[in-house]
Enquirer: 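One structure, as structure tokens, below. Some questions next.
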There are 2 protein chains.
Amino acid sequence: MRSDCPLNYGLEIFGDKWTLLIIRDLMFFGKRYYNEFLSSNEGISTTVLADRLALLEKQKIIKKQKDPEHKQKIVYSLTQKGIDLLPIIINIGMWSSTYSKKVSDKMECYFADIRKNFEKGIAALKAELSATHLE
Amino acid sequence: MRSDCPLNYGLEIFGDKWTLLIIRDLMFFGKRYYNEFLSSNEGISTTVLADRLALLEKQKIIKKQKDPEHKQKIVYSLTQKGIDLLPIIINIGMWSSTYSKKVSDKMECYFADIRKNFEKGIAALKAELSATHLE
DNA sequence: CCGGATCCGTTTCGATACTG
DNA sequence: CAGTATCGAAACGGATCCGG
């Protein structure tokens, strides 16, 4: 049996609880700063967070940039490769809601959170665009 | 930020390397016996294998039955809930082949393995059906 | 023989405290 | 604020043993 099957490449990401949580936070909850990841309810520790951020950056799933406005801050964001994980994350959510009543009951609250976050993102984008326009 | 989001339910499965490998072996490589899982190239140890099989059974993703032919053997197989993980596994494979040349080059060999295994499964099914028909 | 359970040395993880 | 250093806890791998 061959060991180099396609699943294995994804295993470094999907075989780890914390990387998935970081991706979820970036994708749905608009978290971008080290501190924001730390304060997620699952309670990731600083050691593990630093380790996983480095791993995800090495894999080019996220990228690390200096915040142009607050020089001391560092902004993390998804690359295209990271964004392309969306269908997988969605599928996991769908599977979960099919098989866990607890999850399916909470779906609406969850969507509300995501929606709210997207609105926030769109507002930020608008502000950014109008600032560019004024220059 | 709510912690009980849909991803979390799937995390016990997708947050662990070994459970994913067992599911892959069941889904694509036709493995069914304890020994067959042990001999996968990734080298799972007996302790971890027993632990994960128990976890997956508890989660009703796999089921455990006595082999009707060889009484001392135990057959593991996917439940419907387990089979429903297929879209996710496929998506992971697609994502991997998009972003890893090493993976995409090997895709055809991988498909050949799966195809061969399905043929084996279909042959077994035919044999089973004709035996039933003869009774 | 097959599917595990137990024991044990080693590796990895993670919580807390601390630093540039 | 974004991480390292340290150190105890947990997980892992391998060998061995055991019940059916």
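Heavy atoms only: backbone and side chains are in, while hydrogens, waters and symmetry mates are out. This structure is a prediction, so every number in the text was calculated from the model and none was measured. Proteins come first, then strands; the chains are lettered A, B, ... in the order of their sequence lines, and each starts at number 1.
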Enquirer: Are there any protein N/O atoms within less than 3.5 Å of an N/O atom in nucleotides 14-16 of chain C, and if so, which ones and at what distance?
Expert:
residue	atom	partner	partner atom	Å
C:dG14	OP1	A:W18	NE1	3.1
C:dG14	OP2	A:W18	NE1	3.4
C:dA15	N7	A:T47	OG1	3.3
C:dA15	N6	A:T47	OG1	2.8
C:dT16	O4	A:T46	OG1	3.4
C:dT16	O4	A:T47	OG1	3.4

Enquirer: Give the first and the last nucleotide of DNA chain D, reading 5' to 3', that has any atom under 4.0 Å from a heavy atom of chain B.
Expert: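 Footprint of chain B along DNA chain D, 5' to 3': D:dC12 to D:dA15.
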
Enquirer: Thinking salt bridges, do B:K73 and B:D67 make one under a 4.0 Å N-O criterion?
Expert: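 No.
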
Enquirer: Side-chain contact test, heavy atoms from C-beta onward, threshold under 4.5 Å: evaluate it for B:L26 versus B:I22 and give yes or no.
Expert: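 Sidechains of B:I22 and B:L26: in contact.
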
Enquirer: Sequence neighbours excluded, which residues qualify as ring-ring contact (aromatic ring centres under 6.0 Å, His included) partners of A:Y9?
Expert: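 Here the qualifying residues are B:W95.
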
Enquirer: Going by salt bridge (charged side-chain N to carboxylate O under 4.0 Å, His left out), B:D25 matches just one of B:K31, B:R52, B:R32. Which one?
Expert: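 It is B:K31; the other options fail the test.
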
Enquirer: C:dT12 P sits how many Å from A:D51 CG, rounded?
Expert: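 Roughly 12 Å, once rounded to whole Å.
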
Enquirer: Under 4.0 Å between any heavy atoms, over every strand shown, what does A:K66 touch: base, sugar-phosphate, or nothing? Just pick one.
Expert: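 Here A:K66 touches no strand at all.
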
Enquirer: Would you find more than 12 non-hydrogen atoms of other residues, nucleotides or ligands less than 6.0 Å from A:K66 atom NZ?
Expert: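 No.
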
Enquirer: Hydrophobic clustering (ILVMFWY, side-chain heavy atoms < 4.5 Å, transitive) - are B:Y33 and B:W18 grouped together?
Expert: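 No, no single cluster joins them.
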
Enquirer: State whether the number of non-hydrogen atoms from other residues, nucleotides or ligands found under 6.0 Å of A:M107 atom CE is greater than 12.
Expert: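 Enclosed: over 12 neighbouring heavy atoms sit under 6.0 Å from CE of A:M107.
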
Enquirer: Does atom NZ (B:K60) have a neighbourhood of more than 12 heavy atoms from anything else shown, all under 6.0 Å?
Expert: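 For B:K60, atom NZ is not crowded (no more than 12 foreign heavy atoms under 6.0 Å).
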
Enquirer: By the 4.0 Å heavy-atom rule, please label B:K17 as base, sugar-phosphate, or nothing.
Expert: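 If one applies the 4.0 Å heavy-atom cut-off, B:K17 turns out to touch nothing in the nucleic acid.
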
Enquirer: Starting at NZ of B:K64 and ending at P of C:dG3, how long is that distance when rounded to a whole Å?
Expert: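 To the nearest whole Å, that distance equals 10 Å.
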
